[in-house]
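The structure presented is a predicted model; accordingly, all values stated were derived computationally and were not measured. FYI, side chains are in, hydrogens and waters are out, and symmetry mates aren't considered; it's all heavy atoms of this structure.
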Amino acid sequence: MISIQHEDFDLNHEYLQLRDCNDGDGAIVTFSGLVRDYNADGSVSGLFLEHYPGMTEKSLMDICVQARAKWPLGQIRIIHRIGQLNANEQIVFVGVTSAHRAAAFSAAEFIMDYLKTQAPIWKQEHSAKGPKWVEAKDSDVTAANKW
Amino acid sequence: MISIQHEDFDLNHEYLQLRDCNDGDGAIVTFSGLVRDYNADGSVSGLFLEHYPGMTEKSLMDICVQARAKWPLGQIRIIHRIGQLNANEQIVFVGVTSAHRAAAFSAAEFIMDYLKTQAPIWKQEHSAKGPKWVEAKDSDVTAANKW
Amino acid sequence: MIKIQFFASLRERLGQAKMNVEYNGELTVEALKQQLLTRGEDWQALSGNNVLCALNQSICKPDTIINDGDEIAFFPPVTGG
Amino acid sequence: MIKIQFFASLRERLGQAKMNVEYNGELTVEALKQQLLTRGEDWQALSGNNVLCALNQSICKPDTIINDGDEIAFFPPVTGG
């Protein structure tokens, strides 16, 4: 299931859903991304996240289809927040279940790597210097290309 | 922090600890392992987990040291349960934070792979046929050798 | 008619999020972009070689043909996650 | 004196979890195992080539020398996680 939402999410709720729905899958991997100071100088007070409604959901669905083609997976849950977020808030959640821990780890990392380069979402950093759109990182493209 | 315990653990509590203690780390990866039917025929009702007190903690500490030598990590949390567990109960938790998602994913998977082959813990399956010690899997040795 | 959308820094530089354009041709996405570039100085924001384009909500190549009723979007490299 | 421990299936087959043995020699772990094998039929459980040995709570090789006061453990391949 995929959610693009303004509201915060509750990791425990998502985990319990993954546990309940899983058909004997013994491995559950979660990834949570938090708002951090991308400039590493303590100046970033928050983010604004813009997205392309419709295409975001479509691209994330496509990423799930690709992940399922690569690994035997049970549940996949993706949540991405949009709008105004403060430092240390949760931005993104990916949860994957599988009978095999390697599949669960790989799929969760694959989904994050692809999400970073495929999902039409943009971050704008807010600091004392004013708002600034975050530049795309080459390392994210490299990460996605490894799959 | 490492805990070997009979009691169940609360993933949400562990996650909130990882979030609170992290010094600006934006990535949190968790792995949870559940009791599943290793025979895949629905016959396993539960497990008994035995361990070597002292050496288990020592081996897990050593795995954490190895992980920190490989990747820039913030917090590492490992919980392994012992004693009698029923089907679908949680057995093991690994939580890792890092500034870099790839490091958090790799370290969590590394810790699980090493834990599976290095930590002196043994599973005994319980089914209608009686108790049976689980055989070590070659795939786990292969997984640990890849690092 | 086709619907054209702009996002993030591109939306800001162009001062608009979307526009509808009468359409009955057989333009490629690249040709549409070239037409937009003739609209004035602000529109040069579209000329950067890192500007991405989506046709009907899927990333597309410059030589993709646009059909009437399509939804086209231009945007900078994505930075979510 | 040295302390010897057995775990899991090995503990069950030997019918004991631990034993203390008087010690003043310079045995290797392998030599200790050979001595234990002479104790009787049950002890052949130790002879499997997948039996692991730890000295003072670290996995050790067969040629590791045991010192007085050491803690030795024999066990089957681990299956935790």
Side-chain angles (χ1 to χ4, degrees), chain A residues 10-16 18-20 22-42 44 47 74 87-113 115-116 137 139-140 142-144 146, chain B residues 10-16 18-20 22-42 44 47 74 87-113 115-116 137 139-140 142-144 146:
Chain A
D10 175 0
L11 180 121
N12 197 45
H13 174 77
E14 301 307 328
Y15 176 67
L16 294 177
L18 291 170
R19 261 187 86 170
D20 284 351
N22 102 31
D23 300 314
D25 285 350
I28 304 178
V29 170
T30 74
F31 174 86
S32 305
L34 309 179
V35 177
R36 62 189 173 96
D37 190 344
Y38 297 91
N39 291 328
D41 63 359
V44 174
L47 291 179
N88 298 318
E89 280 198 72
Q90 302 180 123
I91 304 177
V92 59
F93 173 82
V94 171
V96 176
T97 75
S98 175
H100 307 280
R101 74 180 180 285
F105 274 116
S106 295
E109 189 170 10
F110 168 86
I111 289 167
M112 276 306 302
D113 285 351
L115 182 157
K116 285 246 172 198
K137 285 193 292 184
S139 62
D140 286 329
T142 308
K146 81 167 183 250
Chain B
D10 176 359
L11 179 120
N12 197 45
H13 174 76
E14 302 307 328
Y15 175 67
L16 294 177
L18 291 170
R19 260 187 87 170
D20 285 350
N22 101 32
D23 299 316
D25 285 350
I28 305 178
V29 170
T30 75
F31 175 86
S32 306
L34 310 179
V35 177
R36 62 191 173 95
D37 188 343
Y38 298 90
N39 291 329
D41 64 358
V44 173
L47 293 179
N88 297 317
E89 281 199 72
Q90 302 179 122
I91 304 177
V92 60
F93 173 83
V94 172
V96 176
T97 75
S98 175
H100 306 281
R101 73 180 182 285
F105 273 116
S106 295
E109 188 169 11
F110 168 86
I111 289 167
M112 277 306 303
D113 285 350
L115 182 158
K116 285 243 171 197
K137 285 193 291 183
S139 61
D140 286 329
T142 307
K146 82 169 182 247

Check whether [X] gets within reach of chain A through its side chain, its backbone, both or neither, counting any heavy atom under 4.5 Å.
X        : answer
B/Ala108 : both
B/Glu14  : neither
B/Ala143 : side chain
B/Tyr15  : side chain

Exercise. CG/B/Asn12 to CG/A/Leu16 distance, rounded to the nearest 0.5 angstrom?
Worked result: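 These two atoms lie 8.0 Å from each other.
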Problem set entry | Distance in Å, A/Thr30 OG1 paired with B/Leu11 CG, rounded so as to fall on 0.5 Å steps |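 Spacing of OG1 (A/Thr30) from CG (B/Leu11) equals 6.0 Å.
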Exercise. If we only count heavy atoms from C-beta on, is the B/Arg101 to A/Asp140 side-chain gap below 4.5 Å?
Worked result: yes
Exercise. Between B/Leu34 and A/Asp25, what is the shortest heavy-atom contact and its length?
Worked result: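 Answer, listing the atom of B/Leu34 first, then A/Asp25: CD1-O, 3.8 Å.
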Exercise. Is the backbone N or O of A/Asn88 less than 3.5 Å from a side-chain atom of B/Arg19, with the two atoms forming a donor-acceptor pair by type?
Worked result: yes
Problem set entry | A/Asp113 portion near chain B, given a 4.5 angstrom heavy-atom threshold | both
Problem set entry | Among the listed options B/Gly33, B/Ala104, B/Ala99, the residue most often paired with chain A at heavy-atom distances under 4.5 Å | B/Ala99
Seminar exercise, completed: chain A shares the most heavy-atom pairs under 4.5 Å, among B/Ser32, B/Ala102, B/Gly95, with B/Ser32
